[in-house]
Amino acid sequence: MSQVGERAFAGFRHEVAFYEGLDDLPAHIVPFLREGAANGEPMLVVMLPDRLEVLRAAMGEDADRVEWVDMSLIGGNPARIIPAWSDFVERHRGRVSVRGVGEPIWSGRRAVEVAEAELHEALLNVAFDHGPGWRLLCPYDLTALPESVLTEALRNHPVREVAHAPVHYAGRDHARRTFAQALPAPPTSATEVAFGPGELAVVRDVVRRACEAARLHPSAADEVVLAAHELAANSLQHAGGYGLLLVWDEPGALAIEVRDDGHIVDPLVGRSPLDLAAEHGRGIWMANQLCDLVQVRSGTQGTQVRLYAWL
């Protein structure tokens, strides 16, 4: 990887490292962290517990110089990761620089989770491009991930280990293009309910019955119903007063989608700190806090917000 010895960076450096299993992981991450320790930089590592254990041991006495956070706690829904990095950078604003390590994709994640983690990686380039300079290194396991994921990693990271990678960095517009693409079509068996002014109770009732049929825990059902209500309210207020609710079952999941004819310009919607005074984004932000996974797409097809509750 192209490394620099400067203690301050002109902008955000989004870097990727490819490793081959746990035994190989420290060789790619520890030098990055030791450089940060030597520079006196605040550091945050967000990975699964088995990775954290290996890296903490490899860091020895310098392990206490690093914040260690379980990725499954904040990254189950990848839309929550950028707010976590934003908080870390903001907490240390005014320092010369900070650096982090984050691994949002690992073997065993559902395909829909991988898709959202890949969008997250692309959106990092949008979220931090014009902010303070800092470095984020994202590891990918060559032994466990499919070639398609590794290829997308190259598209999403401008700084790589090899100077002449087979895939070029796709730039910030890659995130915007992905955000504008329609989600895969739901099954033809999906329940469809059109709703309009005064019909939020209908939305809540349909979602509640779907949660009960799926045997969701009552507290989880309450959160899904609230999220769907907020999204439907967004459609009524900001997208012409009408929307469409779709509900269906997937293996191990209940899926709920709210779609309308509106258009969201900001691909970071729902990932920024909540502004209670803002007119837009509140419903999606709440959905991200309440649901196991949230997908947002907005383009020529209108706006789709798809919620998942794992069963």
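Residues: numbered from 1 along the sequence shown.
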Do side-chain atoms of [X] reach the backbone of [Y] as a donor and acceptor pair under 3.5 angstrom?
X	Y	answer
R80	N288	yes
R109	P104	yes
R135	V101	no
W68	A63	yes

Quick one, [X] and [Y] - any side-chain contact, counting heavy atoms below 4.5 Å?
X	Y	value
E121	C138	yes
V258	S235	yes
H92	W134	no
F32	V45	no
P186	Q304	no
N77	C291	no
I81	M71	yes
Q289	P83	no

Name all pairs fulfilling the salt bridge (charged side-chain N to carboxylate O under 4.0 Å, His left out) condition that reach into [range], sequence neighbours left out, sorted by first residue then second.
range	result
residues 136-157	E152-R155
residues 53-64	R34-D62
residues 288-300	E116-R297
residues 227-251	E230-R282

Nearest 0.5 Å, please: how far is [atom2] in [Y] from [atom1] in [X]?
X	Y	atom1	atom2	result
I105	Y140	CD1	OH	4.0 Å
Q301	T303	CD	OG1	7.5 Å
I82	R271	CD1	CZ	5.5 Å
L44	R91	CG	CZ	7.0 Å
H120	E113	NE2	CD	13.5 Å
R306	I256	CZ	CD1	12.0 Å

>> Check for me, please, whether V16 and V149 land in the same ILVMFWY cluster - side-chain distances under 4.5 Å, paths through other members count.
In response: yes

Sorted by chain and number, sequence neighbours left out, side-chain hydrogen bond (donor to acceptor under 3.5 Å, both in side chains) with T151 holds for none

Sequence neighbours excluded, the answer for side-chain hydrogen bond (donor to acceptor under 3.5 Å, both in side chains) partners of Y169 is none

Checking V203 against H229 for the side chain to side chain contact (heavy atoms under 4.5 Å, CB included) test, could you report, in this order, the C-alpha distance in whole Å, the side-chain angles of both residues, the deciding distance, and whether it holds?
CA-CA 7 Å; V203 171; H229 167 92; 5.7 Å; no

Connected to V112, directly or through other members, by ILVMFWY side-chain contacts below 4.5 Å are L293, Y308, W310

Using a 4.5 Å side-chain heavy-atom cut-off and chaining through intermediate ILVMFWY residues, the residues clustered with L244 come out as L246, W248

Side-chain donor-acceptor pairs of residues 212-224 under 3.5 Å, sequence neighbours excluded:
{"unit_1": "H217", "atom_1": "ND1", "unit_2": "S219", "atom_2": "N", "d": "3.1"}
{"unit_1": "H217", "atom_1": "ND1", "unit_2": "S219", "atom_2": "OG", "d": "2.8"}
{"unit_1": "D222", "atom_1": "OD1", "unit_2": "R208", "atom_2": "NH1", "d": "2.7"}
{"unit_1": "D222", "atom_1": "OD1", "unit_2": "R208", "atom_2": "NH2", "d": "3.1"}

For residues 122-129, dump all side-chain donor-acceptor pairs below 3.5 Å to protein atoms at least two apart in sequence or in another chain.
{"unit_1": "N125", "atom_1": "OD1", "unit_2": "H14", "atom_2": "ND1", "d": "2.8"}
{"unit_1": "N125", "atom_1": "ND2", "unit_2": "A122", "atom_2": "O", "d": "3.4"}
{"unit_1": "N125", "atom_1": "ND2", "unit_2": "N156", "atom_2": "O", "d": "2.9"}
{"unit_1": "D129", "atom_1": "OD2", "unit_2": "R172", "atom_2": "NH1", "d": "3.0"}

The ring pair (Phe, Tyr, Trp, His ring centres under 6.0 Å) partners of Y19 (sequence neighbours excluded) come to none

Q) Any ion pair linking R99 and E35 (charged N to carboxylate O, less than 4.0 Å)? A) yes

Note to self: The test is side chain to side chain contact (heavy atoms under 4.5 Å, CB included); show your working for L154 and R160 and say whether it passes.
What the structure shows: CA-CA 7 Å; L154 290 171; R160 299 97 172 277; 3.9 Å; yes

**Request:** Kindly determine whether T143 and D24 satisfy side chain to side chain contact (heavy atoms under 4.5 Å, CB included), including the steps that lead there.
**Result:** CA-CA 11 Å; T143 66; D24 185 49; over 6 Å; no

For atom CG of D70, decide whether the heavy atoms of other residues, nucleotides or ligands shown that lie under 6.0 angstrom number more than 12. yes

Residues 188-197, side-chain donor-acceptor partners within the protein, below 3.5 Å, at least two apart:
none

Do F179 and V296 pass the side chain to side chain contact (heavy atoms under 4.5 Å, CB included) test, and can you show the C-alpha distance, the side-chain angles, and the key distance before you say yes or no? CA-CA 7 Å; F179 182 76; V296 184; 3.7 Å; yes

